[in-house]
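The structure appears right after this line, and notes come after that.
Everything numeric in this text was worked out from a predicted model, so none of it was measured. What's counted below: heavy atoms across the whole structure, side chains too, no hydrogens, waters or symmetry copies.
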Amino acid sequence: MTYVVLDACIKCKFTDCVEVCPVDCFYEGATMLVINPDECIDCGVCEPECPVDAIKPDTEPGLEKLLEVNREYAALWPNITVKKTPLPDYEKFQQEAEKFEKYFSPEPGEGDAQ
């Protein structure tokens with residue numbers, strides 16, 4: 001089992017989860033975070049930290065596509081281990097559903113670089 005960042009993260013990008021991760025398996029894109037499933041130790045401490053409930057175990061049905069997105073972009077985006085401010089206007093997007101098709105960006109974030 002591993003944990004997966006869902007599209008609920010898109011356009012919000014809270015980073016509370018990265019501070020508690022003991023193995024630093026989060027990676028930052030322009031609009032969301034992802035978890036490297038090969039680095040995740042399945043401890044689950046990140047899941048309750050997400051204010052928008054965007055982290056779930058991969059055992060939940062229907063997460064196959066997002067598991068692959070997490071795997072693919074964790075190899076391309078920079079590692080993030082420090083908490084940052086959420087994206088501007090995140091309040092507008094917190095409750096929106098099905099954000100992947102509308103707002104996903106393959107562009108990397110800054111990671112821990114400031």
Side-chain angles (χ1 to χ4, degrees):
M1 184 177 84
T2 186
Y3 282 82
V4 178
V5 178
L6 310 179
D7 65 342
C9 182
I10 296 174
K11 295 293 260 181
C12 293
K13 202 164 73 168
F14 288 96
T15 55
D16 304 62
C17 53
V18 304
E19 278 195 321
V20 298
C21 181
V23 293
D24 300 335
C25 65
F26 282 88
Y27 293 81
E28 184 183 14
T31 61
M32 73 179 291
L33 303 176
V34 294
I35 293 173
N36 183 328
D38 297 326
E39 295 173 355
C40 179
I41 60 169
D42 314 325
C43 67
V45 296
C46 59
E47 186 179 12
E49 296 300 317
C50 182
V52 292
D53 201 28
I55 301 173
K56 296 291 179 189
D58 71 346
T59 54
E60 290 201 11
L63 298 184
E64 297 80 14
K65 174 186 173 186
L66 283 167
L67 177 59
E68 285 310 309
V69 167
N70 277 244
R71 181 181 310 283
E72 177 181 350
Y73 287 96
L76 301 172
W77 291 346
N79 189 242
I80 180 170
T81 62
V82 295
K83 185 175 177 176
K84 296 180 179 181
T85 305
L87 291 177
D89 299 329
Y90 71 89
E91 297 98 343
K92 266 183 357 184
F93 298 98
Q94 274 184 283
Q95 302 303 317
E96 191 171 339
E98 300 178 21
K99 298 191 276 184
F100 190 85
E101 289 76 18
K102 294 184 226 172
Y103 308 118
F104 176 78
S105 170
E107 295 301 313
E110 294 179 356
D112 284 344
Q114 295 294 332

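- For the atom pair SG of Cys12 and NZ of Lys92, the computed distance is 11.5 Å after rounding to the nearest 0.5 Å.
- For Glu91, the CD atom counts as densely surrounded, since its 6.0 Å shell holds more than 12 non-hydrogen atoms of other residues, nucleotides or ligands.
- Leu76 has its side chain out of reach of Pro108: every pair of non-hydrogen atoms, C-beta onward, lies at least 4.5 Å apart.
- Taking OG1 from Thr85 and NZ from Lys83, the interatomic distance works out to 9.0 Å, rounded to the nearest 0.5 Å.
- In this structure, Lys84 and Gly111 approach most closely via the heavy-atom pair NZ-O, 2.5 Å.
- Between the OH atom of Tyr3 and the NZ atom of Lys56 there is a distance of 9.5 Å, given to the nearest 0.5 Å.
- Considering CG of Leu87 and SG of Cys9, their distance stands at 8.0 Å, rounded to 0.5 Å.
- Across all their heavy atoms, Cys40 and Val23 have their closest contact at CA-CG2, 4.5 Å.
- Note on residues 17-48: no pairs pass ring-ring contact (aromatic ring centres under 6.0 Å, His included), not counting sequence neighbours.
- Residue pairs that meet the ring-ring contact (aromatic ring centres under 6.0 Å, His included) test with at least one member in residues 31-51, sequence neighbours left out, do not exist here.
- The SG atom of Cys17 lies 7.0 Å from the CD1 atom of Ile35; values are rounded to the nearest 0.5 Å.
- Between the CG atom in Asp38 and the SG atom in Cys25 there is a gap of 10.5 Å [rounded to 0.5 Å].
- Taking 4.5 Å as the limit, every side-chain heavy atom of Glu19 sits out of range of all side-chain heavy atoms of Glu49.
- Using a 4.0 Å cut-off between charged side-chain N and carboxylate O, Glu68 and Arg71 make a salt bridge.
- Here Phe14 is tied into one hydrophobic group with Val52, Tyr90, each link being a pair of ILVMFWY side chains closer than 4.5 Å.
- Taking 4.5 Å as the limit, some side-chain heavy atom of Trp77 sits within range of a side-chain heavy atom of Met32.
- Using a distance-only test at 3.5 Å, with no hydrogens or angles considered, no donor-acceptor pair links the side chain of Asn70 to the main chain of Val4.
- The aromatic rings of Phe100 and Phe104 lie parallel to each other, with less than 30° between the two planes, well short of the 60° mark.
- A heavy-atom distance below 4.5 Å is not found between the side chains of Thr15 and Val82.
- Sorted by first then second residue, the ring-ring contact (aromatic ring centres under 6.0 Å, His included) pairs that include residues 29-54, not counting sequence neighbours, number zero.
- Residues Leu6 and Ile55 have side chains not in contact (no heavy-atom distance under 4.5 Å, counting atoms from C-beta outward).
- When the side chains of ILVMFWY residues are joined at heavy-atom separations under 4.5 Å, either directly or via intervening members, Leu67 and Val5 end up in a single hydrophobic cluster.
- Here the closest heavy-atom approach between residue Thr31 and residue Ser105 is recorded as OG1-N, 3.5 Å.
- Checked against ring pair (Phe, Tyr, Trp, His ring centres under 6.0 Å), Phe93 has the following partners two or more places apart in sequence or in another chain: Tyr103.
- Asn36 places none of its side-chain heavy atoms less than 4.5 Å from the side chain of Thr2.
- Residues in residues 4-13 take part in these side-chain hydrogen bond (donor to acceptor under 3.5 Å, both in side chains) pairs, two or more places apart or across chains: Lys13-Glu28.
- Taking 4.5 Å as the limit, every side-chain heavy atom of Cys50 sits out of range of all side-chain heavy atoms of Asp16.
- Within 6.0 Å of CD in Glu60 there are more than 12 heavy atoms belonging to other residues, nucleotides or ligands.
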Could you walk me through whether Cys46 and Cys21 pass the side chain to side chain contact (heavy atoms under 4.5 Å, CB included) check?
-> CA-CA 6 Å; Cys46 59; Cys21 181; 5.6 Å; no
